[in-house]
Each structure stands twice: as C-alpha cells, then as structure tokens.
Amino acid sequence: MPELPEVETTRRILEPHLLGQKIGRIKHQDPHKYRRTDLAQGRTVVSAGRRGKFLIFGLDKNLELIVHLGMTGGFRFEPASHLRVTLELPKQRLYFTDARRFGKWWVVDAGDYSGLPLLAKMGPEPLSSDFTPEKLQASLAKTRRTIKDILLMQEAVAGVGNIYVDESLWQARIHPLRRARSLKPGEIARLHHAIRDVIGRALEKGGSTLSDNSYQQPSGEPGYFQHEHQVYQRKGLPCLRCGTPIERIAVGQRGSHFCPRCQVNK
DNA sequence: AACGTACCCTGCCGGC
DNA sequence: TGCCGGCAGGGTACGT
C-alpha cells in the first residue's frame, strides 16, 4: 500500500511532467471521490509537493489539487486496468488507476484544509529536522493507545503506514501492543531512529511492491524495498535477527507482524 | 475529549 | 472445477 516512500517516489517522478503544464480535461465517473476536479481544468501546475501520504499540486489562481492514493491508487503514463481518472496535459495524458477505489482527489483553496482535517493536524515529516525524539515523546505521552495505533494515526509522525510501522517497531525491538506512553526514553530514541532509517531506506529503493502488485511507479516499474522487509508479511518465517518464527496479530483492524522474542510486551 | 468500531471497496484466497 | 464467504486496510463517521 502506498505510504510515504511510495507517495514521495510518485511525486518525484510526476514533478517534471507537471510543473508549468496547463491541465486540460480531467475525466472520471465518480464525483464523490474526485471532488471539484473541474476547478483544476485550465489551471497551470506551479508546484508538486507532498505531506504525509497526500500529494499536493499547487495550481495558479491560488488552488491546490490534492490526491490521496488510498490502498491501491497510482499514476500511470499508459492506460492500465482499473482506470478511474484521466488527466490531460498538453503533451501527454496521466492515468490514475485504483482497484479498490479508496483513493480520493480534492481541489481546495491553497492551504484551506478544513475539508481534510487529517491533513490539517498531520505530524512532522519523519525525514525532516522537525521530527525529534522530544516531539515523539510528547505525542506518545498524551494517549492511552498502543504504539502501533498512535503511529498509524499520522499525528505523531506523518506518512508511516502498516508496512513501515511493523518494520520500524521490529528494528526498535518494541512490541506493537505496548502502550505508547509506557515507552522509556531509550525505546523512544530507538524508535525515532528506526522510523527515519526504515523510511529513508525504503525511499532509496522506490518503496515496496507487494505480492498483489498494486503499487507501481508511473512507468510500471515496481519498488524494490519489499526484498528488505524483516517482518511484514513474513508470518511463520524465521526472524532475521534471532530465528524465532514471526507472528501475526490484529491491532485495531490492522494485521501486525512482529518477533515474539525480540519484541516483548513488557 | 478520547476511544472503539463499522464502513467504504474489490481482488484474491482458502475451503468445500 | 467452480462457487462463495471472508479478508485486507487508510481514512472517516459515528456512537459511547
């Protein structure tokens, strides 16, 4: 599923194709999921940014086109199955495919995220200097939730989803069901480092393409970080640190993979 | 206010 | 072999 590394990889690839280009028609059949996109037609793209898992394309006339890829959304340079949106540009077309249709588009006045409350309260970018162990500690201290829950909520840190939470918790040797506010300073320091390390390495590899093949770069090329997963979708396989079989449990509604020996729920 | 849960959606998988 | 129920999960709505 697209998380920060996949969304940022998409952003970097799309940026040169969009900057300075005037958007023509945007064709789709689902106005509920692709809201007000008529307002982007005829506008020129002036920036291509990202916040957490949201792509934010700045347009002239002080507008922004915001895209969330959901579970299976992705841009393609060529038509593909599960085509949902076609975006016409002067020299090419961009296609948006989304098998499970959890992806959404919005057009808003620049910076007005009143219709996207999650974006408004998004936590620090994990690879920025804004993300510090102190800020992480402060976020974890004010909740009774588990560490897995709070990391998925995007307010403690932006852009981390199910894959990279599991990978980060494994690297930091923290059980997913630990109460967030019970983490000791040393554990928070390990977790902070693990999140930055995992997200950074995943980004270098172009993200993860899972067995369902849903995430692809716009060219159709996959990501390569799935080959470096330590726990995600490795249930029953030996922990690559200690050999104990990886377990899978439900946390909230999410599958969670962890090593019962390395990650003890104290 | 904070937390838990149902829901959205559809391809895929396992069981029969 | 083919059908079908259940599962996966980011984000949101809603009830407690």
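Chain A is the first sequence line, chain B the second, and so forth, proteins listed ahead of strands; every chain is numbered from 1.
Residues that satisfy the side-chain contact (heavy atoms from CB on, under 4.5 Å) test with E155(A), not counting sequence neighbours, are K121(A), M153(A). Not counting sequence neighbours, K33(A) has no partner by the side-chain hydrogen bond (donor to acceptor under 3.5 Å, both in side chains) test. Judged as a side-chain hydrogen bond (donor to acceptor under 3.5 Å, both in side chains), and not counting sequence neighbours, the contacts of R101(A) are D30(A). Under the salt bridge (charged side-chain N to carboxylate O under 4.0 Å, His left out) criterion, K22(A) pairs with no residue at all, not counting sequence neighbours.
With H68(A) as reference, F54(A) is the one residue of W106(A), F96(A), F102(A), F54(A) to meet the ring-ring contact (aromatic ring centres under 6.0 Å, His included) rule. Residue S208(A) forms a side-chain hydrogen bond (donor to acceptor under 3.5 Å, both in side chains) with just one option from E3(A), Q226(A), H229(A), and that option is H229(A).
The distance from atom OH of Y232(A) to atom P of dG9(C) is 4 Å, rounded to the nearest whole Å. Rounded to whole Å, atom P of dG9(C) lies 13 Å from atom CD1 of I249(A). Rounded to an integer number of Å, the gap from CD of Q233(A) to P of dC7(C) is 17 Å. Residue D149(A) contributes atom CG, which lies 7 Å from atom P of dG4(B) at whole-angstrom precision. Put simply, CD on E6(A) is 13 Å from C1' on dG10(C), counting in whole angstrom units.
Without hydrogens or angle criteria, R84(A) side chain to D98(A) main chain gives a donor-acceptor distance under 3.5 Å. In terms of modelled atom types and a separation under 3.5 Å, the side chain of D112(A) and the main chain of S114(A) share a donor-acceptor contact. Here the side chain of Q217(A) pairs a donor or acceptor atom with the backbone of P222(A) at under 3.5 angstrom. A donor-acceptor contact shorter than 3.5 Å is absent between the side chain of R173(A) and the backbone of C262(A).
Within residues 135-148 of chain A, the residues approached by DNA chain B to less than 4.0 Å at the level of any non-hydrogen atom are T143(A), R144(A), R145(A), in residue-number order. Heavy-atom distances under 4.0 Å link DNA chain B to A99(A), R100(A), R101(A), F102(A) of residues 96-127 of chain A, given in residue order. At a non-hydrogen distance threshold of 4.0 Å, nothing from residues 27-37 of chain A comes into contact with DNA chain B. Residues of residues 152-168 of chain A having a heavy atom closer than 4.0 Å to DNA chain C, listed by number: Q154(A), N162(A). Within residues 64-83 of chain A, the residues approached by DNA chain C to less than 4.0 Å at the level of any non-hydrogen atom are H68(A), M71(A), in residue-number order.
Taking every heavy atom of both residues into account, E125(A) and R51(A) meet most closely at OE2-NH1, 3.0 Å. When every heavy atom of T97(A) is checked against every heavy atom of A80(A), the shortest pair comes out as CG2-CB, 3.8 Å. Of all non-hydrogen atoms in V85(A) and W105(A), the two that sit nearest each other are CG1-CH2, 3.6 Å.
From one end of the helix from dA2(B)-dT16(C) to dC16(B)-dG2(C) to the other, with five pairs defining each end axis, the axis direction shifts by 50° (rounded to 10°).
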Identify each atom pair where a protein N or O and an N or O of nucleotides 14-16 of chain C are less than 3.5 Å apart, giving names and distance.
none

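With hydrogens and angles left out, the side-chain atoms of Q233(A) and H257(A) include no donor and acceptor closer than 3.5 Å.
Here the straight-line distance linking atom OG of S256(A) with atom NE2 of H175(A) works out to 9.0 Å at 0.5 Å rounding. Summarising the geometry, atom CD1 belonging to I23(A) is positioned 10.0 Å from atom OG1 belonging to T37(A); distances are rounded to the nearest 0.5 Å. Atoms CZ and CG, from R179(A) and N265(A) in turn, are 9.0 Å apart once rounded to the nearest 0.5 Å.
Taking the six-membered ring for Trp and the full ring otherwise, the centers of F77(A) and H17(A) sit less than 6.0 Å from each other.
Between Y215(A) and the phosphate of dG10(C), there is no side-chain N or O to OP1/OP2 separation shorter than 4.0 Å. At least one side-chain nitrogen or oxygen of R248(A) sits closer than 4.0 Å to the OP1 or OP2 atom of dA8(C).
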Would you mind writing out the side-chain donor-acceptor pairs for residues 238-255 of chain A within the sub-3.5 Å range, not counting sequence neighbours?
unit_1, atom_1, unit_2, atom_2, d
R241(A), NH1, W170(A), O, 3.3
R241(A), NH2, W170(A), O, 2.8

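Within 4.0 Å (heavy atoms only), G255(A) reaches sugar-phosphate atoms of the nucleic acid but no base atom.
Scanning atom types as modelled, no donor and acceptor separated by under 3.5 angstrom connect the side chain of Q253(A) and the base of dA8(C).
A salt bridge does not link E15(A) with R12(A): none of the charged nitrogens is closer than 4.0 Å to a carboxylate oxygen.
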